[in-house]
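Okay, so here's the structure we're looking at.
Residue numbers start at 1 and run along the sequence shown. Counting convention: from 1, in listed order, for ligands and their atoms alike.
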Amino acid sequence: MIIAVDGPTASGKGTIAKAIAAHFGLPHLDTGLLYRAVGWQVAANGGDADCEADALVAVKFADDLLQNPELRREATGALASRVSIHPAVRSALFDRQREFATQDGGAVLDGRDIGTIIAPEAEVKLFVTASVEARAHRRYLEMRDSGVEVTLDDIESDLRRRDERDRNRKEAPLVPAPDALVLDTTALGKDEAIAEAISAVEHSRTR
Ligand code: DC
């Protein structure tokens, strides 16, 4: 069984995908991390994230980079969003994601285009979303708790910029698959969102 979990930044899709994977005993791939690795590597190479050729060189990052906590930083997320608009980068990362999705026994993948491009045949497709204000607030609390000094306004405008880029890019824009189930987590706590997602998966499987 392939489970696709898509949605914008800080919607809770990563937390939900991880919980679904644990609940159903499936392997999980956070595909955003691949784009983050490319973004980080471009900067480390002294390249320009907006230049497709520079980004394509960075696709050959070393696998252990995926463990680097710097990939989780906001600045790396912004670089990831910039490199992700290049079609050559997307196609270079395609096989890796496709292989993970189609492994024996199934898998859970979260990202932006899992239900539309990577695994359109996924048995279950969730599109996790929340208002930009709710997402900014969650991200703000997370960052403040980990000791990073930021303002809510800065986070909100960064999220709006990334949403705009992710939604309006030509290739694989962030849109729900027509057969995706939309889960709006604006008014839900973490546990409630996870419970709703698990019950949505159970429901889709028996359809
Ligand atoms: O989910 P995330 O914040 O880690 O993703 C970082 C960026 O990577 C996001 O702004 C767009 C890009 N991305 C993508 O284009 N396609 C995916 N499947 C996953 C992420």
Can you give each donor-acceptor pair under 3.5 Å made by side-chain atoms of residues 15-29, sequence neighbours left out, with the distance rounded to 0.1 Å?
residue, atom, partner, partner atom, Å
His28, NE2, Asp110, OD2, 2.6

Side-chain donor/acceptor pairs under 3.5 Å, residues 57-64, sequence neighbours excluded:
residue, atom, partner, partner atom, Å
Asp63, OD1, Arg96, NH1, 3.3
Asp63, OD1, Arg96, NH2, 3.0

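Minimum interatomic distance between Ile114 and Thr31 (heavy atoms only, all atoms of both residues): CD1-CG2, 3.7 Å.
For ligand 1, the protein residues within 4.0 angstrom (heavy atoms only) are Thr9, Lys13, Thr31, Gly32, Tyr35, Arg36, Ala80, Ser81, Ser84, Arg90, Gly111, Arg112, Asp113, Arg162, Asp166, Arg169.
For Arg139, the salt bridge (charged side-chain N to carboxylate O under 4.0 Å, His left out) test picks out Glu74, Glu142, with sequence neighbours left out.
With respect to the salt-bridge test (charged N to carboxylate O, under 4.0 angstrom), the residues Arg160 and Glu133 qualify. In this structure, Asp30 does not pair ionically with Arg36, as no charged nitrogen and carboxylate oxygen lie closer than 4.0 Å.
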